[in-house]
Amino acid sequence: MIPRYTPSEIEPKWQEKWAADQLHKVTEDTSRPKWYALTMFPYTSGDLHIGHWYAMAPSDVHARFKRMQGYNVLHPMGFDAFGLPAENAAIKRGIHPLTWTMQNVENMRRQLKSIGACYDWSREVVTCLPEYYRWTQWLFLKLLEGGLAYRAKAPVNWCPNCQTVLANEQVIEGVRCERCDTAVTREDREQWFFRITRYADELADHSRIEWPERIGIMQKNWIGRSDGVEISFGLDRSGVEEKEIRVFTTRPDTVFGVTFLVLAPEHPLVAKLTSPERKTQVEEYIAASRRQTEIERLSTEKEKTGTFIGAYVINKLSGERIPLWIGDYVLLSYGTGAVMGVPAHDSRDFDFAKRFGMPIRVVVAPPGWSGEELETAHIEPGTMVNSSQFDGLPSESGKEAIADFMEKKGYGKRVVSYHLRDWLISRQRYWGAPIPVVYCNACGIVPVPETDLPVLLPADADFRPTGESPLLYCRSFVNTSCPRCKGPARRETDTMDTFMCSSWYFLRYASPGYDRGPFDAKALDYWLPVDQYTGGAEHAVMHLLYARFFIKAIRDLGLVPFGEPFTRLFNQGIIVAQKHKMSKSRGNVVNPDSYVSELGADTVRAYLMFIGPWEQGGEWDDRGINGMSRWLNRVWHLVLQGQETALPGVAPDQGAARELRHRTHKTIKKVTEDLGKFRYNTMLACLMEFSNHLGKVLAEGYADAQSWREASDALLLLLAPTAPHLAEELWDRTGHAYSIHQQHLPQWDEELAAEEQITFVIQINGKVRDKVMVPASISEAEARDLALSQPRVKAFLEGKQLASVVYVPQKLVNLVVK
RNA sequence: GCCGAGGUGGCGGAACUGGCAGACGCAACGGACUUAAAAUCCGUUGGACCUAACGGUCCGUGUGGGUUCGACUCCCACCCUCGGCACCA
């Protein structure tokens, strides 16, 4: 009698045994190749929803697959625990962020354990604990020492709701807070920055990593390198010491088409250059543009605005006098904060010129142009006209010629501009790692000595957001003495962006308890870099860019021997419910816990992988998961039924036995290949086909004991990464030694896996007219003769001329007739 | 607007390098088992048409064109969905 498949009993049983045996604990072992399989650690927001499972379960399958291929696999898990949500929850519920966070960690750890993943929990990392953030602070000091961290006053994104500044990457579409969707404002503040821009070109280079192309493109776009020329326009104004205004352009070929210059309203020269009679107008305009939200200001639909400031500059190439304007479509933060207006060849300048009635002079002629007015700006290349000695040049080479000329004359120089800004890491909030710096009236900015780390986050701070860091009001924290002169000093009260914590957590996993540094160099050398990183694409220009920068920075400080943290990256898609992204407000969040207790973790794991290609995501369907549960049930009964059945030593049907072995080896091959490429849906489809065949074999009783055993064992081994509990239980029940997860994947025999018989297709004029089973070794002549001798083919060829025969080995012949 | 991914039965999806479109699963329908239902097992299932039946013909992978003996696959133009970026000079 075959017992029922009861995941609710076998899953906890094996989980406990694996934990007790420390089956998933790993250590450095130079006798085996290592594999570092990392999944982005979750933020401690409360509950794991099915989206977390979609990230964790398939990556666990891959880690298990690598382990069964003989790798020494490091597969750790931890928690990203600092950050605003904890603080906001704390304010709302009146509980301390640490309490809230650790409760969530507790619950999420329990949920993660129910997944049955092979995490080495002894390496768990929680970023909000002093034993971790001590080293976050230590690394900050190293960056400061190396000149990669600096303090500066700059216009920054301010979220009035979160009451903190945000990095550019955390501002969606340049206008909204990533966390709370509130419109951000611009404020001038003294803040800490990391010099990520120094690494712009290296970050744009993905040639040494195997990442999805689209992430590379996203990072490249974000970095936004543009090669251009900084052109000097002459300024001659009594009482003004500046003798030029520099503009950045990628189109030096259009410099003879400049009919005006526009400065950003905040440009420092505006006040100096505005003529007395334009003063009122200009001041009004500046005030108006300050009043606007970033949303209004950056709207591309908005009509261009601006005003003349009553001053002129000289175009050094043409000698022309050019009026100076201000306009809020020019951004102070990009290039030089000033642009040359070339309305004929730039659509923004075109709009501006139309609005204010300025001349539009064509200097790059569109094909077939004969002097008529343009309807829109001509942005494409063309032939240069109205450009003095450069007339007649194709604009592409004109670009170079003018750049050369300007460099020679000292009118300008080639420069590179980036969209990427330095990474702003200060946050005016409580729940983060304190920035380990002290301000002393005598000594200025003084780093906290390494031996005084960690700078502990005081437990008793009043963490209501006020726009200033809550730590500012915690006198016992703020008041300190200068480490250098021992005089009175005050601590930095801002905390670090949490992306700083997640920029190095994967290093900590290599030696989590290490207390003489952030990591033990020996362990680091063995495990790092991460071989396979998996996670959502939403981190493309945040976490993934920051972490790459961070590693390059500490590489240059001599702390790590590599420059890329994640050799391979895979981005899973998004799992949706009822066609929509899951969200609490929509009420379509799928909680995995009830499915786990009803159907089992193995079913949930397998179902998530079966929905569709992992990188494309898919739709959670309550009915669909039943099919997976049924299949695992069938596997259960099939394997145990085979175990109970007394199969003959010699197969009653040799052909059928050979077919079984063929299918076994074909399946091993396909499943192994699919697992390696994260093609889980087809991997499972293949295993289903295989088990369907095994069902038939068993029902019809034509297998011998040995071939059956081979097939049944292969099925379990191939299923082990996906359904670890079921596979372990059946492995045990079929008399194998514990544990299936310490076994090697079965090897396939190419000869057995290859098809002996193939379905050969006979086409006439490209249409399938007949199919015949033939040996795979069939030759062209045989195939052709066979095709022509088929009765159906003969009937089709009746009264027609055979024009040619196309032969595709192992596939088909196509008879072309007239 | 720009960049990227995608569009295949009632649904999720498969199809290696241009060679049998729809694997595998869900749902649905029919049958077996059952007093009955659930569960389970067996079968049918892209559309239209021809045939008493066996079987066969035509159409069909977002739209329109092209290349080819042959196109879901390659090329050109376009439509739609999703993701990212967006006054970056």
Side-chain angles (χ1 to χ4, degrees), chain A residues 4 172-175 212-218 220-222 224-226 228 247-251 254 262 297-302 304 327-331 333-342 345-349 351-352 417-420 537-538 540-541 571 573-574 576 579 581 607 610-613 615-628 630-631 633-634 637 670 673 679 681-692 695 699 758-771 792 803-817:
Chain A
R4 274 169 52 89
I172 302 164
E173 292 169 353
V175 293
E213 206 175 347
R214 67 195 180 104
I215 303 294
I217 291 167
M218 279 161 80
K220 240 181 211 163
N221 289 345
W222 186 259
R225 180 188 164 113
S226 56
V247 302
F248 175 76
T249 182
T250 53
R251 294 293 304 273
T254 64
V262 190
R297 177 161 173 187
L298 290 178
S299 164
T300 43
E301 263 97 270
K302 192 190 76 168
K304 297 271 177 292
D328 65 4
Y329 79 97
V330 177
L331 308 173
S333 55
Y334 186 77
T336 60
V339 302
M340 59 184 209
V342 186
H345 306 293
D346 181 285
S347 45
R348 296 154 301 183
D349 298 344
D351 293 346
F352 196 77
S417 256
Y418 297 94
H419 171 221
L420 183 72
E538 68 274 17
V541 296
N571 290 123
I574 294 168
V576 299
K579 301 268 176 214
K581 199 169 167 175
Y607 175 60
F610 188 63
I611 288 177
E615 70 272 24
Q616 278 173 31
E619 191 176 344
W620 178 271
D621 179 358
D622 271 338
R623 289 175 305 187
I625 193 172
N626 292 324
M628 189 50 69
R630 281 203 287 263
W631 179 61
N633 247 298
R634 279 203 297 278
H637 283 97
K670 168 80 173 154
E673 287 171 354
R679 299 180 58 148
N681 56 332
T682 50
M683 182 269 294
L684 283 165
C686 175
L687 281 178
M688 285 173 179
E689 275 184 87
F690 184 49
S691 75
N692 289 346
I758 53 169
T759 307
F760 201 75
V761 171
I762 301 162
Q763 296 184 341
I764 294 168
N765 289 343
K767 286 195 167 157
V768 180
R769 292 303 179 191
D770 211 348
K771 300 173 194 177
R792 276 180 48 73
S804 71
V805 178
V806 179
Y807 169 72
V808 182
Q810 311 263 305
K811 292 252 178 344
L812 57 76
V813 281
N814 185 15
L815 308 172
V816 186
V817 300

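To find a chain, count down the sequence lines: A is the first, B the second, and so on, and within it residues start at 1.
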Undergrad: Which nucleotide sits closest to the side chain of A/Thr682: B/rC26, B/rA14, B/rC87?
TA: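 That would be B/rA14.
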Undergrad: Is B/rC16 paired to anything, Watson-Crick or G-U wobble with both distances less than 3.5 Å, and if yes, which nucleotide?
TA: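 Here B/rC16 is not engaged in any pair, so there is no nucleotide opposite it.
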Undergrad: Give a yes or no answer on whether the side chain of A/Tyr607 reaches the backbone of A/Asp622 with a donor-acceptor pair at less than 3.5 Å.
TA: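 Answer holds: no.
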Undergrad: Which part of the nucleic acid does A/Ile611 contact within heavy-atom distance under 4.0 Å: base, sugar-phosphate only, or nothing?
TA: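 Answer is sugar-phosphate: A/Ile611 comes under 4.0 Å of backbone atoms only.
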Undergrad: Please work out if A/Val768 contacts a base, only the sugar-phosphate, or nothing of the nucleic acid, heavy-atom cut-off 4.0 Å.
TA: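 Since only primed, P, OP1 and OP2 atoms lie under 4.0 Å of A/Val768, the category is sugar-phosphate.
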Undergrad: Select base, sugar-phosphate, or nothing to describe what A/Thr759 touches, counting heavy atoms under 4.0 Å on all strands.
TA: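 Base: the residue A/Thr759, judged by heavy atoms under 4.0 Å, touches a nucleobase.
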Undergrad: Using a cut-off of less than 4.0 Å, is there contact between a side-chain N or O of A/Lys767 and OP1 or OP2 of B/rC59?
TA: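 Answer yes for this pair, as a side-chain N or O of A/Lys767 is under 4.0 Å from OP1 or OP2.
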Undergrad: Atom CG of A/Asn626 to atom P of B/rA28: distance rounded to whole Å?
TA: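 About 11 Å, once rounded to whole Å.
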Undergrad: Which of the following nucleotides, B/rA89, B/rG19, B/rA27, is nearest to the side chain of A/Thr250?
TA: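 Closest of the options to the side chain of A/Thr250: B/rA89.
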Undergrad: Is a side-chain N or O of A/Asp346 found less than 3.5 angstrom from the main chain of A/Gly341, in a donor-acceptor match?
TA: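 No; zero donor-acceptor contacts below 3.5 Å.
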Undergrad: Could I get a table of every N or O pair under 3.5 Å where one atom is in the protein and the other is in nucleotides 30-34 of chain B?
TA:
none

Undergrad: Describe the nucleic acid contact of A/Arg792 in one word from base, sugar-phosphate, nothing, applying a heavy-atom distance below 4.0 Å.
TA: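 Result for A/Arg792 = sugar-phosphate.
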Undergrad: Considering every strand shown, what is the Watson-Crick or G-U wobble mate of B/rA32 when both distances are under 3.5 Å?
TA: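 B/rA32 is paired, partner B/rU40.
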Undergrad: If pairing requires Watson-Crick or G-U wobble contacts with both distances under 3.5 Å, which nucleotide is the partner of B/rG83?
TA: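 Checking every strand shown, B/rG83 finds its partner in B/rC3, with both distances under 3.5 Å.
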Undergrad: Indicate whether OP1 or OP2 belonging to B/rA89 is found under 4.0 Å from a side-chain N or O atom of A/Ser226.
TA: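 The answer is yes; a side-chain N or O of A/Ser226 sits under 4.0 Å from OP1 or OP2.
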Undergrad: Under a 3.5 Å limit for both distances, which nucleotide forms a Watson-Crick or G-U wobble pair with B/rG10, could you say?
TA: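 B/rC26 is the nucleotide pairing with B/rG10.
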Undergrad: Whole angstrom is fine here: how far is it from CD in A/Gln810 over to C1' in B/rC16?
TA: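 Answer to the nearest Å: 14 Å.
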Undergrad: Whether the side chain of A/Gln616 and the base of B/rG6 hold a donor-acceptor pair under 3.5 Å is what I'd like checked.
TA: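 When only heavy-atom distances are counted, A/Gln616 does not reach the base of B/rG6 through any donor-acceptor pair under 3.5 Å.
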Undergrad: Rounded off to whole Å, could you give me the NZ-to-C1' distance for the A/Lys220 and B/rG84 pair?
TA: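 The answer, rounded to whole Å, is 16 Å.
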Undergrad: Less than 4.5 Å apart, any side-chain heavy atom of A/Glu538 and any of A/Ile574?
TA: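 A side-chain contact under 4.5 Å is absent here.
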Undergrad: Looking at B/rC78, which nucleotide sits across from it as a Watson-Crick or G-U wobble partner, both distances under 3.5 angstrom, or is there none?
TA: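 Base partner found: B/rG62.
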Undergrad: Give a yes or no on whether the backbone of A/Arg792 and the side-chain of A/Arg769 come within a donor-acceptor separation of less than 3.5 Å.
TA: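 A pair under 3.5 Å: no.
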Undergrad: Let's test your reading of the model: under 3.5 Å, does the base of B/rC20 pair with the side chain of A/Lys811 as donor and acceptor?
TA: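 Side chain to base: no pair below 3.5 Å.
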Undergrad: Answer with base, sugar-phosphate or nothing: what part of the nucleic acid does A/Arg4 contact at a heavy-atom distance below 4.0 Å?
TA: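 Counting heavy atoms under 4.0 Å across all strands, no contact is made by A/Arg4.
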Undergrad: Picking from B/rC85, B/rA23, B/rA89, which would you name as closest to the side chain of A/Glu689?
TA: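 It is B/rA23.
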Undergrad: Can you check the A/Arg634 CZ to B/rC26 P distance for me, whole Å?
TA: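 In whole Å, B/rC26 P lies 7 Å from A/Arg634 CZ.
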Undergrad: A side-chain contact here means heavy atoms from C-beta on lying under 4.5 Å apart; do A/Gln763 and A/Val806 qualify?
TA: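 A/Gln763 vs A/Val806: side chains apart.
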Undergrad: Would you kindly give the CE-to-P distance between A/Met628 and B/rG12, to the nearest whole Å?
TA: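 Answer to the nearest Å: 17 Å.
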Undergrad: Check whether any side-chain heavy atom of A/Leu812 sits under 4.5 Å from a side-chain heavy atom of A/Ile762, and report yes or no.
TA: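 Side chain of A/Leu812 against side chain of A/Ile762, heavy atoms only: no contact under 4.5 Å found.
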Undergrad: Would you call A/Thr249 and A/Arg251 a side-chain contact if the rule is heavy atoms closer than 4.5 Å?
TA: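 A side-chain contact under 4.5 Å exists here.
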Undergrad: Looking at every strand, decide which applies to A/Asp349 at a 4.0 Å heavy-atom threshold: base, sugar-phosphate, or nothing.
TA: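 Counting heavy atoms under 4.0 Å across all strands, no contact is made by A/Asp349.
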Undergrad: Without decimals, in angstroms, what is the distance between A/Lys304 NZ and B/rA89 C1'?
TA: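 Taking atom C1' of B/rA89 as the reference, NZ of A/Lys304 is at 11 Å.
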Undergrad: What is the distance, to the nearest angstrom, from the CG atom on A/Asp328 to the P atom on B/rA89?
TA: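 These atoms are roughly 18 Å apart.
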Undergrad: On RNA chain B, compare the nucleotides closest to A/Val761 and A/Gly617; which residue's is nearer the 5' end?
TA: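 Between the two, 5'-proximity favours A/Gly617.
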Undergrad: Using atom CD of A/Glu213 as one end and atom C1' of B/rG84 as the other, report the distance to the nearest whole Å.
TA: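 Nearest whole value for this atom pair: 15 Å.
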Undergrad: Taking only side-chain N and O atoms of A/Arg630, does any of them lie within less than 4.0 angstrom of OP1 or OP2 on B/rA27?
TA: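 It does, given that an N or O in the side chain of A/Arg630 lies less than 4.0 Å from OP1 or OP2 of B/rA27.
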Undergrad: Give none if B/rU68 has no partner; otherwise give the nucleotide forming a Watson-Crick or G-U wobble pair with it, both distances under 3.5 Å.
TA: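 Partner of B/rU68: none found under 3.5 Å.
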Undergrad: Base, sugar-phosphate, or nothing for A/Gly618, non-hydrogen atoms under 4.0 angstrom?
TA: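 If one applies the 4.0 Å heavy-atom cut-off, A/Gly618 turns out to touch nothing in the nucleic acid.
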Undergrad: When the P atoms of B/rA86 and B/rU67 are considered, how many whole Å apart are they?
TA: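 The same atom, P, in both gives a distance of 43 Å.
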Undergrad: Applying a 4.0 Å non-hydrogen cut-off, can you work out what A/Asn681 is touching in the nucleic acid: base, sugar-phosphate, or nothing?
TA: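 Since only primed, P, OP1 and OP2 atoms lie under 4.0 Å of A/Asn681, the category is sugar-phosphate.
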Undergrad: Please classify the nucleic acid contact of A/Val816 as base, sugar-phosphate, or nothing, using heavy-atom distances under 4.0 Å.
TA: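 Sugar-phosphate: the residue A/Val816, judged by heavy atoms under 4.0 Å, touches backbone atoms but no base.
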Undergrad: Please classify the glycosidic conformation of B/rG7 as syn (within 90° of 0) or anti (everything else).
TA: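 B/rG7: anti.
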Undergrad: Cation over ring, A/Lys304 on A/Tyr329, under 6.0 Å and within 45°?
TA: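 Relative to the ring axis of A/Tyr329, which defines the angle, A/Lys304 lies inside both limits.
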Undergrad: If you assign each of A/Ile574 and A/Asp621 to its closest nucleotide in RNA chain B, which residue comes earlier from the 5' end?
TA: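 Its nearest nucleotide lies further toward 5', so the answer is A/Asp621.
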